[in-house]
Amino acid sequence: NAGVMQNPRHLVRRRGQEARLRCSPMKGHSHVYWYRQLPEEGLKFMVYLQKENIIDESGMPKERFSAEFPKEGPSILRIQQVVRGDSAAYFCASSPGTGIIEQYFGPGTRLTVT
Amino acid sequence: AQKITQTQPGMFVQEKEAVTLDCTYDTSDPSYGLFWYKQPSSGEMIFLIYQGSYDQQNATEGRYSLNFQKARKSANLVISASQLGDSAMYFCAMREGLNNAGNMLTFGGGTRLMVKP
């Protein structure tokens, strides 16, 4: 059973460009979480999605950031008009859902904004 | 107030010795879980150990054990017989409201452990 997949692993964008980060959850998992890790800090929750629904986006910046988890295909975290402060590692985690405690993390995407 | 506090930004330990990494938490929810993750220099998050708030016994996984003191709201990670490969960042995390599907993890700021040969 393949783990959580994220791509790309490294992404370089210039200020003002768009960044698209992809996350394929583990097989059978319908819950996806996105976290951001700034340099030398712990992970901070951004958004929680189930298939076709955003359940909790309380950690998502109000502007430029959006997330989706379509019926088919990976979850996408989209950052429009990136700025230097968006440089971070973005982790996706997945879980089967109700009654399951653990979230399984992907390897992360390291975004660098130049 | 911080929900998860890790007061040791960095620690050294001699190879083969035991080390304790501190974690205190703050919650009013009676149902919660505490997690420890390891993040090596390669960057991935590796799950180490889990303790539920209603668990009667301290969790253990191989060389890892969790010293859970509920009244003090602490969940310290103990690594026995340290190995060079244990050098990494260690994060304590909490999930509140275990009865609700999908609650997020809240992470502490981490402790960087360095194992000396």
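Residue numbers start from 1 in every chain, and the chains themselves are labelled A, B, ... in the order their sequence lines are given, proteins ahead of strands.
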Exercise. Is it the backbone or the side chain of B:Thr106 that comes under 4.5 Å from a heavy atom of chain A, or both, or neither?
Worked result: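 No part of B:Thr106 comes within 4.5 Å of chain A.
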
Is [Y] close to [X] at the side-chain level, that is, under 4.5 Å between some pair of heavy atoms?
X: B:Met45; Y: A:Phe91; answer: yes
X: A:Phe45; Y: B:Phe107; answer: no
X: A:Tyr33; Y: B:Leu105; answer: no
X: A:Val47; Y: B:Met104; answer: no

For this session: Can you establish whether the number of heavy atoms outside A:Met5 located under 6.0 Å from its atom CE is more than 12?
Result: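 For A:Met5, atom CE is not crowded (no more than 12 foreign heavy atoms under 6.0 Å).
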
Problem set entry | A:Gln81 atom CD: more than 12 heavy-atom contacts under 6.0 Å |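 Open.
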
Exercise. Which pairs with one or both residues in residues 5-17 of chain B pass side-chain hydrogen bond (donor to acceptor under 3.5 Å, both in side chains), sequence neighbours excluded?
Worked result: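 side-chain hydrogen bond (donor to acceptor under 3.5 Å, both in side chains) check on residues 5-17 of chain B returns B:Gln8-B:Asp22.
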
Problem set entry | Distance-minimising heavy-atom pair for B:Gln39 and A:Arg110 |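 Smallest heavy-atom distance, with atoms named: NE2-NH2, 4.3 Å.
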
Exercise. Can you list every pair that meets disulfide (SG to SG under 2.5 Å) and has a residue in residues 31-65 of chain B, with sequence neighbours left out?
Worked result: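 Non-adjacent pairs meeting disulfide (SG to SG under 2.5 Å): zero.
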
Problem set entry | With sequence neighbours excluded, residues passing ring pair (Phe, Tyr, Trp, His ring centres under 6.0 Å) with B:Tyr25 |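 So B:Tyr25 forms a ring pair (Phe, Tyr, Trp, His ring centres under 6.0 Å) with B:Tyr32.
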
For this session: Treating Ile, Leu, Val, Met, Phe, Trp and Tyr as nodes and any side-chain heavy-atom pair under 4.5 angstrom as an edge, say whether A:Ile79 and A:Tyr35 lie in one connected cluster.
Result: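 No, A:Ile79 does not connect to A:Tyr35 through the hydrophobic network.
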
For this session: Verify the ring-centre separation between B:Phe47 and A:Tyr104: is it less than 6.0 angstrom?
Result: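 Ring centroids of A:Tyr104 and B:Phe47 are no less than 6.0 Å from each other.
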
Exercise. Do any of residues 54-61 of chain A come closer than 4.5 Å to chain B, heavy atom to heavy atom, and if so which ones, in number order?
Worked result: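 The stretch touches chain B at A:Asp56, A:Ser58.
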
Exercise. For chain B, which of A:Lys44, A:Gln37, A:Glu41, A:Glu40 has the most heavy-atom pairs under 4.5 Å?
Worked result: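 Winner by heavy-atom pair count: A:Gln37.
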
For this session: Look at B:Gly109, B:Gly110, B:Gly43 and state which one has the largest set of heavy-atom pairs under 4.5 Å with chain A.
Result: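 Highest number of heavy-atom pairs under 4.5 Å: B:Gly43.
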
